[in-house]
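Please read the structure below before turning to the comments.
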Amino acid sequence: QVQLVESGGGVVQAGGSLRLSCAASGLSLTLYTMGWFRQAAGKERKFVAAINRSGGGTAYEDSVKGRFTISRDNAKKTVNLQMNRLGPEDTAVYYCAAVRDRTWSPPMRDDAYDYWGQGTQVTVSS
């Protein structure tokens with residue numbers, strides 16, 4: 001059974017950093033593209049970042065490019081999202097997602113992903 005569990009969320013001051021982690025089980029992570037999405041209160045879920053199977057291909061939403069870095073460790077079955085220079089606009093529940101995909105370019109549409117974690121809250125205070 002595929003399970004994705006996010007951790008690392010919390011409250012941080014504007015300008016600070018957080019590192020989110022996604023622990024995967026029930027799958028061979030080497031076969032999966034992994035993504036991060038976020039959903040602010042009262043808003044739709046939006047793409048944040050994604051990484052392909054090997055880690056050599058990544059994609060970022062424009063507002064986080066240069067501030068966030070996605071990485072993966074297939075042996076440890078973990079995917080991380082390093083978030084720097086956080087602002088109040090980054091406040092949201094962050095979700096880890098997975099899809100079995102062998103293409104180089106990771107998808108940015110949420111409906112492309114088959115498995116989802118329960119989310120972890122990130123709150124950035126001003």
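Heavy atoms only: backbone and side chains are in, while hydrogens, waters and symmetry mates are out.
- Proximity of a side-chain donor or acceptor of Glu6 to a complementary backbone N or O of Cys96 within less than 3.5 Å is detected.
- Contact record, Lys77 with Leu29: CA-CD2, 3.5 Å, taken as the closest heavy-atom pair.
- Atom CG of Asp101 and atom CG of Asn52 lie 8.5 Å apart (nearest 0.5 Å).
- For the atom pair Leu81 CG and Tyr60 OH, the distance stands at 7.5 Å (nearest 0.5 Å).
- With Arg53 contributing its side chain and Thr30 its backbone, the two residues share a donor-acceptor pair below 3.5 Å.
- Put simply, Met108 and Tyr95 are part of the same group of oily side chains (I, L, V, M, F, W, Y) that touch within less than 4.5 Å, one to the next.
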TODO: May I have the step-by-step check of side chain to side chain contact (heavy atoms under 4.5 Å, CB included) for Thr58 and Thr69, ending in yes or no?
DONE: CA-CA 9 Å; Thr58 59; Thr69 302; over 6 Å; no
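- Shortest non-hydrogen contact noted between Gln121 and Val93 is OE1-CG2, 3.2 Å.
- Qualifying salt bridge (charged side-chain N to carboxylate O under 4.0 Å, His left out) partners for Asp90, counting only residues two or more places apart in sequence or in other chains: Arg38, Arg67.
- In this view, Gln118 satisfies the side chain to side chain donor-acceptor pair (under 3.5 Å) rule with no residue, not counting sequence neighbours.
- Asp114 meets the side-chain contact (heavy atoms from CB on, under 4.5 Å) test with Val99; sequence neighbours excluded.
- A single hydrophobic cluster is seen to contain both Met83 and Ile70, as judged by linkage of ILVMFWY side chains at heavy-atom distances under 4.5 Å, directly or through other members.
- Looking at every heavy atom in both residues, Ser71 comes nearest to Ile51 through CA-CD1, 3.9 Å.
- The stretch residues 101-126 participates, sequence neighbours left out, in these ring pair (Phe, Tyr, Trp, His ring centres under 6.0 Å) pairs: Phe37-Tyr113, Phe37-Trp116.
- With hydrogens and angles ignored, the 3.5 Å screen pairs a side-chain donor or acceptor of Thr91 with a backbone N or O of Val124.
- The nearest pair of heavy atoms linking Ala50 to Pro107 is CB-O, 3.9 Å.
- Between Leu86 and Phe68 the shortest side-chain heavy-atom distance falls below 4.5 Å.
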Run the side-chain donor-acceptor check on residues 9-27: report pairs under 3.5 Å with partners two or more places apart or on a different chain.
residue	atom	partner	partner atom	Å
Ser17	OG	Asn84	OD1	2.9
Arg19	NH1	Gln82	OE1	3.4
Ser21	OG	Asn80	OD1	2.9

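- Under the 4.5 Å side-chain heavy-atom criterion for Ile, Leu, Val, Met, Phe, Trp and Tyr, Phe47 and Tyr32 are members of distinct hydrophobic clusters.
- In this structure Arg85 satisfies the salt bridge (charged side-chain N to carboxylate O under 4.0 Å, His left out) test with no other residue, sequence neighbours excluded.
- Taken from CD in Glu61 to NZ in Lys46, the straight-line distance is 9.5 Å, to the nearest 0.5 Å.
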